[in-house]
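Please read the structure below before turning to the comments.
Predicted model only: the values in this text are computed from it and were never measured. Read the numbers this way: they start at 1 and go in the same order the structure lists the ligands and their atoms.
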Amino acid sequence: MKDRGILIVVSGFSGSGKGTLMKELLARYPDTYALSISATTRSPREGEEDGREYFFVTKEEFEKMIAKGDLIEYAKYVENYYGTPKNYVEQKLEEGKDVILEIEIQGALKVKKAFPDTLLLFVTPPSATELKSRLVGRGTETMDVIESRMNRACEEAEGMDSYDYLVVNDDLDACVEEMHSIIRSEHRKSSRNRAFMESMKEELIRLKQSEE
Ligand code: 5GP
């Protein structure tokens with residue numbers, strides 16, 4: 001049986017390119033990772049599909065999910081609710097997949113508190129100027145929204161040091177491989193391999209005794 005997967009939270013400024021990064025990581029390693037699909041009350045952007053990028057729900061539906069305890073965490077971000085449905089995450093971790101939650105910082109900290117062995121990664125563009133030009137260049141948001149996302153980025157920058165690793169997204173290809181290798185290393189942490197270490201110790205003792 002495969003070991004249980006690791007829960008990974010990826011946050012980053014809006015415009016850090018983390019969405020593209022996650023898509024590429026999953027395309028390269030489809031058997032290793034599963035991406036959790038969040039529920040949100042914001043409207044779909046052009047090209048987004050219900051059940052693919054998000055489950056797009058009404059405020060009432062979202063509040064019902066909160067009341068039923070269906071969400072691992074949720075947060076309000078620029079006037080909309082975003083939350084992580086519990087069932088899918090639990091099922092994929094059981095299957096041995098590393099499950100990635102692409103969520104903002106309030107949610108990340110809630111997940112870390114509830115599940116302390118969560119790996120927290122923060123994605124950032126190389127500079128603040130680059131961040132702004134990516135947001136403007138995306139052309140999907142109004143100037144008001146861009147301004148509120150830049151304000152939000154200032155707040156989120158304060159929380160960067162709560163994360164385990166910082167990933168600078170300059171070159172997509174290099175960044176995907178770097179992220180994959182950070183996660184591979186995380187699997188090898190001694191704290192995640194207690195059962196293996198115990199059985200190694202027991203076997204060594206057995207072998208030693210059989211020689212005596
Ligand atoms: P966007 O509207 O650009 O798709 O997402 C806005 C922010 O909400 C991003 O920082 C994204 O990572 C975050 N987000 C998406 N899903 C969730 C979720 O389930 N929970 C939380 N806390 N944040 C989320």
Side-chain angles (χ1 to χ4, degrees), residues 7-26 33-59 61-66 68-90 92-93 99-115 118-125 128 131-132 134-160 162-163 166-167 169 175 179:
L7 190 57
I8 302 155
V9 165
V10 177
S11 305
F13 306 121
S14 175
S16 62
K18 64 185 184 303
T20 316
L21 199 60
M22 294 303 99
K23 271 195 194 126
E24 188 55 32
L25 185 70
L26 259 89
Y33 301 111
L35 189 62
S36 155
I37 302 170
S38 298
T40 182
T41 58
R42 87 149 159 75
S43 324
R45 296 194 187 113
E46 211 175 303
E48 287 184 335
E49 257 178 48
D50 187 40
R52 192 179 63 191
E53 281 78 12
Y54 285 105
F55 295 108
F56 295 99
V57 299
T58 62
K59 192 162 171 266
E61 285 168 331
F62 198 96
E63 283 166 351
K64 219 178 263 172
M65 293 171 93
I66 299 174
K68 279 167 58 194
D70 289 346
L71 302 173
I72 292 181
E73 61 71 41
Y74 67 93
K76 215 166 193 184
Y77 178 93
V78 193
E79 298 309 306
N80 282 300
Y81 278 128
Y82 294 82
T84 308
K86 196 181 280 173
N87 283 349
Y88 179 83
V89 171
E90 210 21 73
K92 293 291 160 186
L93 286 174
V99 179
I100 301 179
L101 312 184
E102 191 200 314
I103 64 179
E104 52 64 68
I105 188 163
Q106 301 167 58
L109 299 180
K110 284 184 211 161
V111 173
K112 182 82 180 178
K113 201 163 177 203
F115 309 100
T118 305
L119 175 65
L120 299 189
L121 308 178
F122 195 91
V123 182
T124 170
L131 177 67
K132 175 131 197 221
R134 283 189 198 174
L135 276 176
V136 174
R138 185 146 85 181
T140 51
E141 323 287 359
T142 62
M143 270 332 270
D144 272 2
V145 173
I146 291 170
E147 199 183 308
S148 54
R149 286 181 181 228
M150 284 302 286
N151 288 338
R152 179 69 193 225
C154 288
E155 287 167 31
E156 292 198 331
E158 294 297 321
M160 282 191 287
S162 308
Y163 285 74
L166 197 67
V167 183
N169 186 12
C175 199
M179 202 171 248

Inset, instruction - May I ask you to establish whether Lys92 and Tyr33 are in a cation-pi arrangement, using a distance under 6.0 Å from NZ or CZ to the six-membered ring centre and at most 45° from the ring axis? - result: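 Here Lys92 fails the 6.0 Å and 45° test against Tyr33.
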Legend entry - Closest contact, heavy atoms only, Lys76 versus Gln106: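 Distance-wise, the nearest heavy atoms are O-NE2, 3.1 Å.
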Inset, instruction - Taking all heavy atoms of Phe62 and all of Thr41, pick out the closest pair and write down the distance. - result: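 What the structure gives for the nearest pair is CB-CG2, 3.8 Å.
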Inset, instruction - Might you list the protein residues in contact with ligand 1, defined as having a heavy atom under 4.0 Å from one of its atoms, sorted by chain and number? - result: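 Within 4.0 Å of ligand 1, protein side: Lys18, Ser38, Arg42, Arg45, Tyr54, Glu73, Ala75, Tyr77, Tyr82, Gly83, Thr84, Glu102, Ile103, Glu104, Gly107, Arg149.
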Inset, instruction - May I ask you to decide whether Arg45 forms a salt bridge with Glu53, counting only side-chain N to carboxylate O separations under 4.0 Å? - result: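 The answer is no: the pair does not qualify as a salt bridge.
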Legend entry - Note: Glu48-Arg52 ion pair, threshold 4.0 Å (strictly below):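 Salt bridge: no.
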Legend entry - With Phe122 via ring pair (Phe, Tyr, Trp, His ring centres under 6.0 Å) - residues at least two apart: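 Phe122: ring pair (Phe, Tyr, Trp, His ring centres under 6.0 Å) contacts with Phe13, Tyr163.
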